[in-house]
Colleague: 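Before I ask anything, let me first share the structure, which is written out below as structure tokens.
Computed from a predicted structure; not experimentally measured.
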Amino acid sequence: MFVQRSASLKTGILVCSMLSSLFAYESSLNNLVVPSTIESPSLEATFEHRFGRALGMSAHGGSIMGGANIGLGMRGEIWKGIGATFYYTYRNNEFDGAVTYSQSVDFLQLDILGSIHAFTYQKSEWNNFRATNAAYDIALQSKPLLFDHLVLNAGMNYDGYNAHVGLGLGTTVQIIEKVALVGELFPLIPNASNVNIGSKPCFSAGIKYDTYGHHFKLSVANSTELGQRHAMLGTNSKNVYFGFSIQRHVSFE
């Protein structure tokens, strides 16, 4: 009897260990900011690419390889939940820097993030005027649910330049080990008086392959913009665009 219970206990521990390994070093999404769960000190580098040609365009419209929006990012976890991020976006020659704080709230089964951003971008390629202001994020992420196969996300952003409150919802569903489906929806708070705010909510969906130091993602979205703040401003596009991203995590422990 003792041997059987011991064997069952070992099996249970093994199963739990396998399930906990289904998610890699962190559960990230396409645009939505997520609370950091990586240990400090560490760094994460990000490369993103969104094609400028819509899927299904005819030859007269060019191929999906024509035009692009590219993002380069670096995130550092410094000390006890305090971090910093830097992100560059090619499309608007945009620079964004932020200070972040992440905290795990175990009794709520949530991870929480707050961040303050300073950003500047070129509003038009026809002149050198740059929009400069601050933005503020709050992000929530559930602990893994359904035997570690589901993670839920929610986020809110205040864009100081556009005086706009944005919302975002996201989910990650593990289908097999190291492979997950991800989805995002950004419910739009309309503002007809602001030309920078679109008429339709942004969405994205994709598939992600995780290792213990990488995230590889293929995605589709109804906007060529990159990042949470832009997604929360909505879009006027009726098209869908293909993209991909690579994230690399390096720990210094």
Colleague: Could you go step by step and tell me if F242 and L218 meet the side chain to side chain contact (heavy atoms under 4.5 Å, CB included) rule?
Modeller: CA-CA 8 Å; F242 176 72; L218 301 176; 3.9 Å; yes
Colleague: Are T132 and T120 close enough that a side-chain donor and a side-chain acceptor fall under 3.5 Å?
Modeller: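 T132 vs T120: donor-acceptor pair found between side chains.
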Colleague: So, R91 side chain and L226 main chain: donor-acceptor pair closer than 3.5 Å or not?
Modeller: no
Colleague: Check whether N222 reaches the backbone of P201 with its side chain - one donor and one acceptor, N or O, closer than 3.5 Å.
Modeller: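 At least one qualifying donor-acceptor pair exists.
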Colleague: Does E225 use its side chain to pair, donor to acceptor, with the backbone of L233 at less than 3.5 Å?
Modeller: no
Colleague: Not counting sequence neighbours, which residues clear salt bridge (charged side-chain N to carboxylate O under 4.0 Å, His left out) with K143? List them please.
Modeller: D106, D111
Colleague: Return the CG to CZ distance between N31 and F186, rounded to the nearest 0.5 Å.
Modeller: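 Result: 5.0 Å between the selected atoms.
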Colleague: Taking everything shown except L152 itself, do over 12 heavy atoms lie less than 6.0 Å from its CG?
Modeller: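 Yes, because the 6.0 Å sphere around CG of L152 holds more than 12 heavy atoms from other groups.
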Colleague: Looking at N196, is its backbone amide N or carbonyl O close enough to the side chain of N194 to form a donor-acceptor pair, meaning the two atoms are under 3.5 Å apart?
Modeller: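 Yes, because the side chain of N194 sits within donor-acceptor range (under 3.5 Å) of the backbone of N196.
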Colleague: Say you draw a straight line from CD of E39 to OG1 of T37; how long is it, rounded to the nearest 0.5 Å?
Modeller: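 With rounding to 0.5 Å, CD (E39) is 8.5 Å from OG1 (T37).
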Colleague: For the residue pair F95 and Y88, does the interplanar ring angle fall in the parallel (under 30°), tilted (30 to 60°) or perpendicular (over 60°) class?
Modeller: tilted
Colleague: Quick check: is L167 connected to I138 through a chain of hydrophobic side chains (ILVMFWY, heavy atoms under 4.5 Å apart)?
Modeller: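 They do share one cluster, since a chain of ILVMFWY contacts under 4.5 Å joins I138 to L167.
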Colleague: Is I116 reachable from I82 through a run of hydrophobic residues whose side-chain heavy atoms are each under 4.5 Å from the next?
Modeller: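 I82 and I116: separate clusters.
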Colleague: Rounded to the nearest 0.5 Å, what separates atom CG in N92 from atom CZ in F119?
Modeller: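 Here the interatomic distance stands at 11.0 Å.
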Colleague: Counting only N and O atoms by type, is there a donor-acceptor contact under 3.5 Å from the side chain of D137 to the main-chain atoms of S115?
Modeller: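 Absent.
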Colleague: Give me the ring orientation class for F47 and F244: parallel if the planes are under 30° apart, tilted from 30 to 60°, perpendicular past 60°.
Modeller: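 If you compare the ring of F47 with that of F244, the planes turn out tilted.
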Colleague: Are L43 and I78 co-members of a hydrophobic cluster defined by side-chain heavy atoms under 4.5 Å apart?
Modeller: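 Each belongs to a different hydrophobic cluster.
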Colleague: Say whether, by atom type as modelled, one donor and one acceptor occur between the side chain of Q228 and the main chain of N157 under 3.5 angstrom.
Modeller: no
Colleague: Where do N30 and S204 come nearest, in terms of heavy atoms and distance?
Modeller: ND2-OG, 3.1 Å
Colleague: Roughly how far, to the nearest 0.5 Å, is the OH atom of Y209 from the CZ atom of F216?
Modeller: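 These two atoms lie 8.0 Å from each other.
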Colleague: Could you give me the CA-CA distance, side-chain angles and deciding distance for E94 and R229, then say whether side chain to side chain contact (heavy atoms under 4.5 Å, CB included) is met?
Modeller: CA-CA 12 Å; E94 179 173 345; R229 186 176 62 81; 2.7 Å; yes
Colleague: I need the single residue from E26, E44, K208 that forms a side-chain contact (heavy atoms from CB on, under 4.5 Å) with Q247. Which is it?
Modeller: E44
Colleague: Of all the heavy-atom pairs spanning D210 and H215, show the shortest one and how long it is.
Modeller: OD1-CD2, 3.0 Å
Colleague: Please check if the side chain of T171 supplies one atom and the backbone of V151 the other of a donor-acceptor pair under 3.5 Å.
Modeller: yes
Colleague: Are V34 and L113 close enough, and set up right, to give a side chain to side chain contact (heavy atoms under 4.5 Å, CB included), and what steps lead you there?
Modeller: CA-CA 7 Å; V34 302; L113 172 140; over 6 Å; no
Colleague: Treat each ILVMFWY residue as a node, draw an edge where side-chain heavy atoms are under 4.5 Å apart, and state whether I189 and M156 are in one component.
Modeller: yes
Colleague: Verify, without hydrogens or angle tests, whether R50 (side chain) and S223 (backbone) share a donor-acceptor contact under 3.5 angstrom.
Modeller: yes
Colleague: Can you check side chain to side chain contact (heavy atoms under 4.5 Å, CB included) on T224 and N239, steps first, answer last?
Modeller: CA-CA 10 Å; T224 58; N239 298 314; over 6 Å; no
Colleague: If we ignore hydrogens and angles and just use 3.5 Å, is the side chain of H164 paired with the main-chain N or O of M232 as donor and acceptor?
Modeller: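 Looks like yes, one N/O pair under 3.5 Å.
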Colleague: Using modelled atom types and a 3.5 Å cut-off, is there a donor and acceptor pairing between side-chain atoms of E77 and backbone atoms of S36?
Modeller: no
